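All chains are named by letter (A, B, ...) in the order of the sequence lines, taking the proteins before the strands, and each is independently numbered beginning at 1. Computed from a prediction, not measured in an experiment: that's the story for all the values here.
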Amino acid sequence: MAVQSDVIDDAGPYDRAKALGAFKLGDVTFYWITRLSAISVLLILGGIIISLIVGAFPAMKAYGFSFLWTQRWAPSADPPVLGALGPMYGTLVTSFIAMLIAIPVGLGIAIFLTELCPQWLRRPIGMAIELLAGIPSIIYGMWGFFVLGPFLANTFQPLMIRIFDGVPVLGAIFAGPPSYLSTFNAALILAIMVLPFITSISVDVFKTVPPVLKEAAYGVGCTTWEVVRSVVIPYTRVGIIGGVMLALGRALGETMAVTFIIGNSFRISSSIFAPGTTISAAIASEFAESDGLHQSGLILLGLLLFVLTFFVLAAARLMLMRLDKKAGK
Amino acid sequence: MALNPIYSRRRRVDIVIRGLCFAAAAFGVTWLALILVTLLYNGLAGLNLEIFVADTPPPGSTEGGLRNAIVGSIIMTLIGVGIGAPLGLFAGTYLAEYGRNDRLTSVIRFINDILLSAPSIIIGLFIYGAVVVPMRGFSAIAGALALAVIVIPVVLRTTEDMLLLVPNPLREAASALGLPRSLVIKRIAYRAARSGLITGVLLATARVAGETAPLLFTALSNQFFSLGLNKTMANLPVTINNFVQSPYAYWKQLAWSGALLITLTVLALNIGARILGAERTAK
């Protein structure tokens, strides 16, 4: 088969030197286009860091480290009083509750898909879980706002409040009144959103377990659960933790789903049924109408969030990379 | 034969755990079903031709559609993918073809994986500082650039993965025939990985089609029909965001219809990408 090349056609059949020259030029150009595109990824990261630091600089100068432990958020005071404690607390608490729900459920689904599920059901269920990851976060937020929030406030929240009324610590965590907009509602939506990440990574790493190991365990009479607990999970521990960290990174930075239903209150409350706020929700709801020091404070919040997620995601990737090496990739 | 007590206890534990795993799977699928059912139920009620031909209504009005928002979303998504996809494609090509054992490659791959899951609102803040402030105003092009920044890591990742799947003997055979490196990539590797590359672009489009956070303070939104790239532009996600929290019933209805449109588009893109990807592995 002849090589179809415009370059060769243009150069004519006998002009070998010219054709090779054109090849060489095309080669060098293409190499540099791809190389510069690759480097643009680093430039984007650099751009994000620089633009956040530049934007946050006035707030850093005005508040210093007290920004981190001030709870009051009063942008319209003169001068504005801004503290990150409320949003930081909300971000960590919502993500923590979300992971508390999503880790066991996500792993449960992964075990179901790899060990228990009949073959014909595997693809549809796997696909349904993956589609959950594809739904835009604003849809979750809207759904939480219109459907889940009212439902929880009328059923689940009063129940929990009644059960734990008077119990020392839990009574304060599950304190009333029930509310459409609350930290718990936001955490539950987050849990649903990160579920697919935990499941799909767990399924992937469960598949790396050599069948021989599992067969040996079944051979000595282990039940399915014993095989999972003593063979599959120990073998894939690093990968599971990586997947969980990845999901945590998502949960920390998730914006739209949370903004609708958390209630945007900067006061820290011990009850998870009270409104709260997260870093991303605070930015999303206030940034467009902010200016001056207020805006700079919001960018500083963004910088904090970026640093936090950067380290979580970096740790996740390092763990998953270690697993890849083990698998010999 | 009577089972010994230890074994029957182990069996009971096993059955309980199996039941819990089954419940977990049911739990996950139920959410998807619930979300889709409410979306269809509320969204279909308001879905009519007016949605596509009339612009977003002023406060209190009970007439109007989402034409400007739909057109704006399509324009910004197309520009975003148009800028981001080639960059991601070329960058992925470098990682898979030229720099396989490069130190630069492992650094870029690591950073890219982090950008892939970085909070999209941070991307919005970045574009606000890098584009909106210097241009002295919110604009559609700023929104499109924010989307492009989100597209790049997605396309880069899939491109690299797909090109790494192309068997090396194909490249070697092409090189032996005298093809220069760039043509080996363009004529052989790209062609062999084509459906995978398209999958990546589709997935990236699905990802940005519903993105809201990065548009909130880059493209903002616009109540009117506008095609100017240097002005604010209406778009579906931000319009939904504004309408959901409004007191007007008609606006809420429009928000449901818009949400249904976005979800169906995104799910269709996702499923299309998956079918294309499955075709590849089936061969």
Would you say [atom1] of [X] has more than 12 non-hydrogen atoms from neighbouring residues, nucleotides or ligands within 6.0 angstrom?
X      : atom1 : answer
A/R122 : CZ    : yes
B/F27  : CZ    : yes
A/L43  : CG    : yes
B/R100 : CZ    : yes
B/F22  : CZ    : no
A/Y218 : OH    : yes

Sort out for me which of [options] touches chain A most, counting heavy-atom pairs under 4.5 Å.
options                       : answer
B/V133, B/V266, B/D113        : B/D113
B/I240, B/T93, B/L95, B/N241  : B/N241
B/I152, B/L36, B/L115, B/V149 : B/L115
B/R207, B/E97, B/E211         : B/R207
B/P86, B/S182, B/A209         : B/S182
B/A206, B/A25, B/G210, B/P180 : B/P180

For this session: With a 4.5 Å heavy-atom cut-off (strictly below), which parts of residues 296-306 of chain A touch chain B? List them by number.
Result: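 Listed by number: A/I299, A/G302, A/L305, A/F306.
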Pick from [options]: which one has the most heavy-atom pairs with chain B under 4.5 Å?
options                      : value
A/I125, A/L42, A/T29         : A/L42
A/G47, A/S40, A/S280         : A/G47
A/A128, A/A38, A/G26, A/G253 : A/A38
A/L20, A/I50, A/I109         : A/I109

Problem set entry | Any residue meeting side-chain contact (heavy atoms from CB on, under 4.5 Å) with A/S37, in chain and number order, not counting sequence neighbours |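 Testing A/S37 for side-chain contact (heavy atoms from CB on, under 4.5 Å), a comparison that skips the adjacent residues, returns A/I33, B/L87, B/F90, B/A91.
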Exercise. For A/Y31, which residues count as a side-chain contact (heavy atoms from CB on, under 4.5 Å) partner, sequence neighbours excluded?
Worked result: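 A/Y31 satisfies side-chain contact (heavy atoms from CB on, under 4.5 Å) with A/R35, B/Y94, B/Y98 only.
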Exercise. Does the side chain of B/V13 come within less than 4.5 Å of A/T223's, by heavy atoms?
Worked result: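 A side-chain contact is absent here, since even the closest heavy-atom pair is not under 4.5 Å.
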Problem set entry | Side chain to side chain, A/Y140 and B/I35, heavy atoms closer than 4.5 Å |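 Contact flag for A/Y140/B/I35 side chains = yes.
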For [X], which atoms come within 4.5 Å of any heavy atom of chain B: side chain, backbone, both, or neither?
X      : result
A/L116 : side chain
A/I129 : side chain
A/L52  : side chain
A/V147 : side chain
A/I48  : both

For [X], is it the side chain, the backbone, both or neither that has a heavy atom under 4.5 Å from a heavy atom of chain A?
X      : answer
B/L20  : neither
B/L269 : neither
B/I123 : side chain
B/L39  : side chain

Between atom [atom1] of [X] and atom [atom2] of [Y], what is the distance when rounded to the nearest 0.5 Å?
X      : Y      : atom1 : atom2 : value
B/L89  : A/T34  : CG    : OG1   : 10.5 Å
B/Q245 : A/M142 : CD    : CE    : 11.0 Å
B/I111 : A/R317 : CD1   : CZ    : 12.0 Å
A/T224 : B/I15  : OG1   : CD1   : 10.0 Å
B/I127 : A/I44  : CD1   : CD1   : 8.0 Å
B/L34  : A/F151 : CG    : CZ    : 9.0 Å

For this session: Any chance you could lay out the side-chain contact (heavy atoms from CB on, under 4.5 Å) test for A/L148 and B/W31, step after step, and finish with the verdict?
Result: CA-CA 11 Å; A/L148 188 68; B/W31 289 117; 4.0 Å; yes
For this session: List in chain and number order the residues that pass side chain to side chain donor-acceptor pair (under 3.5 Å) with B/D14, two or more places apart in sequence or in another chain; answer none if no residue qualifies.
Result: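 Side chain to side chain donor-acceptor pair (under 3.5 Å) list for B/D14, sorted by chain: B/R18.
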For this session: Run the numbers on A/Q295 and B/F217 for side-chain contact (heavy atoms from CB on, under 4.5 Å), then give the verdict.
Result: CA-CA 12 Å; A/Q295 186 168 71; B/F217 31 83; over 6 Å; no
